[in-house]
Amino acid sequence: MRQERQDLAGDPIDVAAAALRNGELVILPTETVYGLAADAGDPRAVAAIFEAKGRPRFNPLIAHVADGGAAEEIALFDDRARALADAFWPGPLTLVVPVRDRRRVCDLARAGLDSVAVRVPGHVRAREVITEFGGPVVAPSANRSGRPSPTTFADAMEETGSAAASAVDGGPCAVGVESTVVSLIGGKVALLRPGSVTREEIEAVVGPLDHGGEGHRSPGRLTLHYAPDSPVRTDVKTARAGEILLGFGPGVGDPRWSLSPTGDLREAAANLFRLFREADREKPKGIAVAPIPTRGLGEAINDRLKRAAGHIG
Ligand code: AMP
Ligand code: MG
């Protein structure tokens, strides 16, 4: 008995899975950003996530599962959904599809919708916790609502660690921006949120994307989002007095504050939220960000920057 307890205490994956079974919250590493996780089928645990984040209850959560088979237990997949899952899972792509099992992803987690957002995370630690737990886990970013997502263990602990019964350190997040969200509701394929799986990569699998419109709204795309405390200005070539300039590409700004000195979009995405947080700690007059190309992963980076600056409704 004593030995068993010691083993349990020594393995963060087992401890995290036990906490989830207990209806408690867990800091979970994913390849996109750190998540604050709970049993998707437990309304009280899910309510505790909304509470800890200060997240509006109309904004539904993503159900994270261990593999495509587990995804099809909770949701209905058509051929195009399956093709996208086959192409990008495990990985940073979330699919919004009709819900099949309303019990295992409770109403509160879905914000009462008939659809469910589902993904298989690429981070092996995340999948280990989900597998050990044995069911879908909701895991929105571990920040308080509206703030930049945490991309390191320390940042996640600082944001919502006090609400979590257990925490798994998975190192710095490799991707650094939230998953791409694609809706397959109503026979259309629409991009609800750009991410590191790019528009071009999705179109290579399912053909041209449909434009948004009714039925393709993502309830969670709030105006001011991902925002540090300091005001953010985007597309800036030279900083004003007292501003920190986050550069991009050779020779732009102080290399200490560069999103990517070589102009690499993957590196810039991985650094974005961490540098927002580090810059904020210096209490500058503002954070200025150099122009970032809009192609490929640049679409997701520019999306987050515009929201941080309050430019999108
Ligand atoms: P987060 O958990 O903050 O990374 O955000 C999940 C994103 O997926 C938010 O933008 C949600 O609005 C969106 N989402 C989740 N479930 C659905 C759904 N059933 N329909 C449309 N968007 C959804
Ligand atoms: Mg978030």
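Only this structure's heavy atoms are used, side chains among them; waters, hydrogens and symmetry mates stay out. In what follows, residues are counted from 1 in the order of the sequence shown. Counting convention: from 1, in listed order, for ligands and their atoms alike. Just so you know, these numbers come straight off a predicted model, no measurement behind them.
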- So do I49 and V138 actually touch side chain to side chain, heavy atoms under 4.5 Å? yes

- Heavy-atom contacts with V96 under 4.0 Å: which atoms of ligand 1 show up? List them by number with element. 18 (C), 19 (N), 20 (N)

- Just by distance, with hydrogens left out, do S149 and E178 show a side-chain donor and acceptor under 3.5 Å apart? yes

- Message: Are the side chains of P98 and D114 in contact, using a 4.5 Å heavy-atom criterion?
- Response: no

- Message: Regarding N143 and S141, do their side chains bring together a donor and an acceptor under 3.5 Å, going by distance alone?
- Response: yes

- Looking only at heavy atoms of R110, does any of them come nearer than 4.0 Å to an atom of ligand 1? no

- Which atoms of ligand 1 have any heavy atom of S115 under 4.0 Å away? 18 (C), 19 (N), 20 (N)

- Message: So if I count the atoms of ligand 1 from 1 in the order they appear, which ones are less than 4.0 Å from some heavy atom of I62?
- Response: 6 (C)

- Is there any N or O on S141 that sits under 3.5 Å from an N or O of ligand 1? no

- Message: Using a 4.0 Å cut-off to any heavy atom of L113, which atoms of ligand 1 qualify?
- Response: 18 (C), 19 (N), 20 (N)

- Salt bridge flag under 4.0 Å for residues E159 and R144: yes

- Query: Which atoms of ligand 1 are found less than 4.0 Å from any heavy atom of P140?
  - Reply: 2 (O)

- Please assess F77 against L95 for the test side-chain contact (heavy atoms from CB on, under 4.5 Å), listing each intermediate value before the final yes or no. CA-CA 9 Å; F77 278 58; L95 300 176; 3.9 Å; yes

- Query: Would you call E31-R266 a salt bridge at under 4.0 Å N-O?
  - Reply: no

- Message: Can you name the atoms of ligand 1, numbered from 1 with element, that are less than 4.0 Å from a heavy atom of N59?
- Response: 9 (C), 11 (C), 12 (O)

- Item | T30, V181, N143, V182: member with heavy atom nearest to atom 8 (O) of ligand 1 | V181

- Salt-bridge present (R82, D86; N to O < 4.0 Å): no

- Hey, looking at atom 1 (P) of ligand 1, which of R55, K53, E178, H64 has the closest heavy atom? R55

- Message: Once you restrict to heavy atoms under 4.0 Å, what part of I185 touches ligand 1? Side chain, backbone, both or neither.
- Response: neither

- Message: Below 2.8 Å, can you find an N, O or S atom of S149 next to the Mg ion (ligand 2)?
- Response: no

- Message: Ignoring hydrogens and geometry beyond distance, is a side-chain donor-acceptor pair present between T94 and S179 at under 3.5 Å?
- Response: yes

- Note on the structure: The answer for which part of L192 has a heavy atom under 4.0 Å from ligand 1 is side chain

